[in-house]
A.B. asks: 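Sending over a structure as structure tokens; questions will come in a sec.
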Amino acid sequence: RSGEMAKLTQLIDNEVFRAYATYTTIVLLKMMLMSLITAYFRITRKAFVNPEDTASFGKGESAKKYLRTDPDVERVRRGHLNDLENIVPFLGIGLLYALSGPELSTALLHFRIFAAARIIHTFAYLIPLPQPGRGLSWAVGYAVTISMAYKVLKTVLYL
């Protein structure tokens, strides 16, 4: 049992893994914030999808008018969905990348660029900024994940 704990301690002492954990936490917190922003927009725009969510606005027909879509709510939801589509692959590929033994400086560059790209993408979605800002920020983050995947495959290639 102490051998297992030693392995875990070695992982925590690994600077690349700590960098991965840091930037993963940042992008996950950012993604969680999108849930709160969605809730804020739903409440302030009075646009709900579930009948029970409209109970505080009345009953019956008077509450039904709040069962609707709103363009602002949908914009935030699309941004959140885009996070799910991009951050989840980063989590898996980033972990494999961190465990593949990259140089700390290279790993930090990957992790920092990805986190910055996702944050910029969120602002570009919510403000909204004119294109190609949002598209470029998405492409940069996507390219970082592909770059890490390439490094993992190149390092451990068991095809």
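Here, residue 1 is the first one in the sequence, and each next residue gets the next number. None of the values given here were measured: they were computed from a predicted structure.
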A.B. asks: One pair to check against side-chain contact (heavy atoms from CB on, under 4.5 Å): L126 and V76. What are the steps and the verdict?
C.D. replies: CA-CA 7 Å; L126 295 181; V76 176; 3.6 Å; yes
A.B. asks: For the hydrophobic clusters of this structure (ILVMFWY residues joined by side-chain heavy atoms under 4.5 Å, transitively), does one cluster hold both V27 and F111?
C.D. replies: yes
A.B. asks: If you measure only the distance, is there a donor-acceptor pair under 3.5 Å linking the side chains of N82 and R118?
C.D. replies: yes
A.B. asks: Do V144 and L28 land in one hydrophobic cluster if side-chain heavy atoms of ILVMFWY residues count as linked below 4.5 Å?
C.D. replies: yes
A.B. asks: Do Y23 and R112 have side-chain atoms, one donor and one acceptor, less than 3.5 Å apart?
C.D. replies: yes
A.B. asks: Just wondering, do R77 and L81 contact through their side chains at under 4.5 Å, heavy atoms?
C.D. replies: no
A.B. asks: Just checking, any donor-acceptor pair under 3.5 angstrom between side chains of K151 and T155?
C.D. replies: yes
A.B. asks: Would a 4.5 Å heavy-atom cut-off, applied to side chains only, mark V73 and T69 as touching?
C.D. replies: no
A.B. asks: Working to the nearest 0.5 angstrom, can you tell me the gap between I146 CD1 and L153 CG?
C.D. replies: 10.0 Å
A.B. asks: Tell me the closest heavy-atom pair linking L104 and A19, and the distance in Å.
C.D. replies: CD1-CB, 4.4 Å
A.B. asks: Quick one: does NZ or CZ of R42 land under 6.0 Å from the six-membered ring centre of F48, within 45 degrees of the ring axis?
C.D. replies: no
A.B. asks: Roughly how far, to the nearest 0.5 Å, is the OG atom of S137 from the OH atom of Y142?
C.D. replies: 14.5 Å
A.B. asks: What about L136 and I119, same hydrophobic cluster or not, with Ile/Leu/Val/Met/Phe/Trp/Tyr joined at side-chain heavy-atom distances under 4.5 Å?
C.D. replies: no
A.B. asks: Please identify which of these residues, L91, L99, N14, meets the side chain to side chain contact (heavy atoms under 4.5 Å, CB included) condition with Y20.
C.D. replies: L91
A.B. asks: Looking at G133 and A124, what are the two nearest heavy atoms and their distance?
C.D. replies: C-CB, 4.4 Å
A.B. asks: Give the cluster check for L108 versus Y150: same hydrophobic cluster or not, with ILVMFWY residues linked at side-chain heavy-atom distances below 4.5 Å.
C.D. replies: no
A.B. asks: Taking the side chain as every heavy atom from C-beta outward, state whether T24 and F90 have any pair of such atoms under 4.5 Å apart.
C.D. replies: yes
A.B. asks: First locate atom CG of D83, then atom NZ of K30, and finally report the distance between them rounded to the nearest 0.5 Å.
C.D. replies: 3.0 Å
A.B. asks: Which heavy atom of A107 sits nearest to which heavy atom of P102, and what is that distance?
C.D. replies: CB-CG, 4.1 Å
A.B. asks: Roughly how far, to the nearest 0.5 Å, is NE2 of H80 from CG of L33?
C.D. replies: 9.5 Å
A.B. asks: Enter the distance from T38:OG1 to R78:CZ here, rounded to the nearest 0.5 Å.
C.D. replies: 11.0 Å
A.B. asks: Would you kindly confirm whether L36 and I26 end up in one hydrophobic cluster when ILVMFWY residues are joined by side chain heavy atoms under 4.5 Å apart?
C.D. replies: no
A.B. asks: Using the six-membered ring wherever Trp is involved, compare the ring planes of H121 and Y125 and label them parallel, tilted or perpendicular (cut-offs 30° and 60°).
C.D. replies: perpendicular
A.B. asks: If you count heavy atoms of other groups shown closer than 6.0 angstrom to CD of E103, is the number above 12?
C.D. replies: no
A.B. asks: Rounded to the nearest 0.5 Å, what separation is found between the CZ atom of F114 and the CD1 atom of I93?
C.D. replies: 9.5 Å
A.B. asks: Say whether H110 and S147, considering side chains only, have a donor N or O and an acceptor N or O under 3.5 Å apart.
C.D. replies: yes
A.B. asks: Can a side-chain donor-acceptor contact be found between T54 and K64 if the only test is distance below 3.5 angstrom?
C.D. replies: no
